[in-house]
Number of protein chains: 2
Amino acid sequence: MAIKTKATEAPALPLNDILSGDCIEVMRSLPDASIDLIFADPPYNLQLKGELHRPDNSKVDAVDDHWDQFSSFAAYDTFTRAWLAEARRLLKPNGAIWVIGSYHNIFRVGASMQDAGFWLLNDVVWRKSNPMPNFRGKRFTNAHETMIWASKSENSRYTFNYDALKALNEGTQMRSDWLLPLCTGHERLKDANGEKAHPTQKPESLLHRVLIGSTNPGDVVLDPFFGTGTTGAVAKMLGRNFIGIEREEAYRKVAAKRIARVRTFDASALETAGSKRAEPRIPFGHLVERGLLRPGEVLVSPRGTTAKIRADGTLAGDSVAGSIHQVGAAYEKAPSCNGWTYWHFRRDGKTIPIDSLRQQVRAEMNN
Amino acid sequence: MAIKTKATEAPALPLNDILSGDCIEVMRSLPDASIDLIFADPPYNLQLKGELHRPDNSKVDAVDDHWDQFSSFAAYDTFTRAWLAEARRLLKPNGAIWVIGSYHNIFRVGASMQDAGFWLLNDVVWRKSNPMPNFRGKRFTNAHETMIWASKSENSRYTFNYDALKALNEGTQMRSDWLLPLCTGHERLKDANGEKAHPTQKPESLLHRVLIGSTNPGDVVLDPFFGTGTTGAVAKMLGRNFIGIEREEAYRKVAAKRIARVRTFDASALETAGSKRAEPRIPFGHLVERGLLRPGEVLVSPRGTTAKIRADGTLAGDSVAGSIHQVGAAYEKAPSCNGWTYWHFRRDGKTIPIDSLRQQVRAEMNN
DNA sequence: CTCCGGCGTGAATCCGGAG
DNA sequence: TCTCCGGATTCACGCCGGA
């Protein structure tokens with residue numbers, strides 16, 4: 001009797017591989033809700049000329065500029081909506097996407113993302129420290145590109161490693177404008193003739209920040225316009241899995257060779273600044289149960305007001321009782337209050353925040 | 001027999017006046033091809049849910065005005081296309097338009113502009129030197145807004161005062177990213193109650209750069225969403241004519257009073273904002289992102305003690321982790337420590353202070 | 001007079017696990 | 001799926017009052 005694969009079992013994902021073919025068709029072969037993050041660097045409008053069709057698929061004759069322009073935008077929109085729809089299907093419910101572009105295409109892409117149900121989280125500006133100048137002096141130096149970061153839906157609980165990004169930015173929260181140099185020098189891949197292997201190779205520093213900020217080690221990152229594989233290279237370095245899709249064989253070859261040379265950083269180097277939200281929750285009552293605070297003991301607020309600890313871990317204050325947070329909020333007439341930092345106890349003449357007891361309990365739990 | 005106005009004679013433009021009413025209807029009353037430049041700050045269609053409090057429990061004064069409410073993206077698009085069509089009709093053949101927005105609306109606006117036949121010239125990022133932080137730590141600090149600069153059509157010979165902008169930028173080409181502070185302090189207009197007169201007043205420095213760069217003295221500048229009249233005030237200062245459209249009487253009154261006080265400059269006035277800065281701060285994490293140091297690599301202190309670099313730019317040392325400064329301070333049992341001079345890395349048998357890498361990055365960014 | 005510290009505030013799509 | 005509620009979360013800068 002043959003072993004039967006359960007119908008509910010998802011097909012295996014081709015992890016850490018570069019898939020060959022048109023990105024929309026290849027995406028169709030991948031299972032629903034299997035991807036944690038998508039990074040997409042789609043082609044610009046310019047390359048689609050010559051395939052102009054009206055929405056009803058009739059071919060457009062040579063026409064005046066205005067109609068031609070509109071048709072070209074329509075064709076680009078059709079393409080954009082198609083790959084975005086597949087991308088969204090592939091994302092896990094809490095998945096997210098980054099798309100990078102310039103003013104030629106990013107507005108159309110962003111509007112299509114909103115229409116497709118993606119929920120925009122930020123637009124992030126990549127400021128180039130070494131952009132190409134505008135040689136003719138007719139416009140501003142085009143010194144940035146725009147990235148859109150969006151979750152699969154409005155109520156996705158997307159990944160955002162706030163503390164790691166804050167650490168990367170020397171202690172202040174990361175802003176929506178990132179100053180990074182273009183990909184040049186030894187990082188820029190060359191082909192056999194010594195020419196650049198790809199016209200728009202993205203710098204690894206850009207992907208580093210994207211992946212540190214919006215994925216965790218072991219996550220699956222899909223890049224449907226893989227090119228020379230910057231996404232894959234950085235994903236591998238950082239201990240993330242990748243799936244690349246690329247239809248040009250020359251790019252696939254360069255990317256595969258590049259990624260083969262990459263080594264994953266040690267697990268210890270991949271640990272990032274931890275967030276308090278990830279710490280185990282300690283109910284205040286545990287401090288009472290464990291005798292670190294006694295029922296009947298009095299806690300003091302920064303204002304000097306007091307409340308008495310009850311045996312069940314609630315506080316009794318002036319005309320109000322409840323959790324440490326509720327009584328603190330009532331005293332401050334505030335919508336909320338973090339009781340752990342608000343309340344203090346006294347020992348040996350010193351006034352100590354109760355949060356220090358929570359830290360002590362957490363440390364013991366880690367032993 | 002009454003004197004008949006010739007049909008071909010254009011009606012006189014209401015120069016340097018604030019017109020009352022809905023912007024689309026009022027624009028319909030103005031003649032074709034009569035405007036040199038349009039600056040538009042349309043509603044952003046923010047979709048705010050509940051209240052937001054700062055960590056200190058104070059409430060954020062959000063933009064919840066009725067004029068920013070739209071029932072759907074489709075309704076917003078209909079509105080956008082309607083005012084853009086009128087705006088384009090009003091422009092002279094060589095006229096141009098600036099539109100400012102945030103990620104909530106700018107992608108829809110940009111796509112509608114392309115569909116309407118505008119020719120995008122640049123997108124320009126207004127980087128805010130003092131943005132509101134992200135209080136919940138769930139996203140990047142929303143530290144910029146986007147402006148789209150477009151000509152009426154692809155073959156417009158639009159105005160671009162390249163040399164004036166180059167002079168404003170200390171002799172190098174003006175880039176597409178502008179660092180300017182928010183409108184605060186004395187410049188921020190207050191109503192009779194001392195509250196801000198308008199929730200989204202734009203800084204004059206922003207309009208200054210727009211008008212210097214893309215108009216000439218005597219040009220006619222239309223602002224269909226006039227608000228408190230920053231466009232009019234700066235136009236008057238710089239010897240340009242303005243036409244404002246605003247439907248809220250309160251805003252019109254404030255704007256008229258403001259503009260009456262403005263005096264036109266003689267000739268050359270220089271921007272005050274955003275000129276000189278101290279040396280740019282380089283977070284240690286940037287060295288890691290950019291591959292100058294590798295996660296997992298070991299740094300050495302003057303005493304010979306060591307710590308390992310992590311992917312987010314923090315250090316992991318003996319029983320302590322954190323920034324280069326924090327770990328250095330812990331090792332020295334000192335209240336603070338300059339990690340840049342404390343830590344060294346090894347290359348080719350030499351021990352080199354990490355500060356040398358910081359200097360290298362600064363040099364690249366000043367190019 | 002200056003200097004210093006505290007306070008106010010800015011276009012914001014700002015929580016998530018337990019039950 | 002909904003409700004409840006614990007508890008985590010901020011940067012730059014201008015103004016003002018007190019020393």
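Predicted model, so just to flag it, every value in this text is computed and none were measured. Side chains included, hydrogens not; waters and symmetry mates left out as well; all remaining heavy atoms used. Letters A, B, ... mirror the listed sequences (proteins, then strands); counts begin at 1.
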Is [X] touching bases, backbone alone, or none of the nucleic acid, heavy atoms closer than 4.0 Å?
X	answer
Asp41(B)	base
Phe284(A)	nothing
Ser336(A)	base
Thr341(A)	nothing
Gly339(A)	nothing
Pro131(B)	base
Lys59(B)	nothing

Distance test, side-chain N/O of [X] to OP1/OP2 of [N], below 4.0 Å:
X	N	value
Arg157(A)	dG16(C)	no
Lys166(A)	dT9(D)	no
His325(A)	dG7(D)	yes
Arg54(B)	dA8(D)	no
Arg281(A)	dG7(D)	yes

For the base of dA12(D), is there a side-chain donor-acceptor partner from Thr184(B) under 3.5 Å away?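 Looking at the base of dA12(D), it does not pair with any donor or acceptor on the side chain of Thr184(B) (distance under 3.5 Å).
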With a 3.5 Å cut-off and just heavy-atom distances, do the side chain of Lys202(B) and the base of dA11(C) make a donor-acceptor pair?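 Indeed there is one.
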Where each pair must be Watson-Crick or G-U wobble with both distances under 3.5 Å, what dot-bracket representation of DNA chain D is obtained, with crossing pairs in [ ] and other-strand partners as |? .|||||....|||||||||
Identify whether NZ of Lys or CZ of Arg in Arg108(B) sits under 6.0 Å from the centre of the six-membered ring of Tyr76(B) and within 45° of that ring's axis.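 Verdict for Tyr76(B): no cation-pi partner in Arg108(B).
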Any donor-acceptor N/O pair, Tyr158(A) side chain to Lys138(B) backbone, under 3.5 Å: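 Yes: the side chain of Tyr158(A) pairs with the backbone of Lys138(B).
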5'-most contact on DNA chain D: Ile282(A) or Gln173(A), nearest heavy atom basis?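 Taking each residue's closest nucleotide, the earlier one in sequence belongs to Ile282(A).
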Do Phe140(B) and Trp178(A) have their ring centres less than 6.0 Å from each other?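 Yes.
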What's the verdict on side-chain hydrogen bond (donor to acceptor under 3.5 Å, both in side chains) for Ser323(A) and His325(A), showing C-alpha distance, side-chain angles and the deciding distance? CA-CA 5 Å; Ser323(A) 72; His325(A) 314 292; 5.3 Å; no
Answer yes or no: is there an ion pair linking Asp56(B) with Arg54(B), defined by an N-O contact shorter than 4.0 Å?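 No, no charged N to carboxylate O under 4.0 Å.
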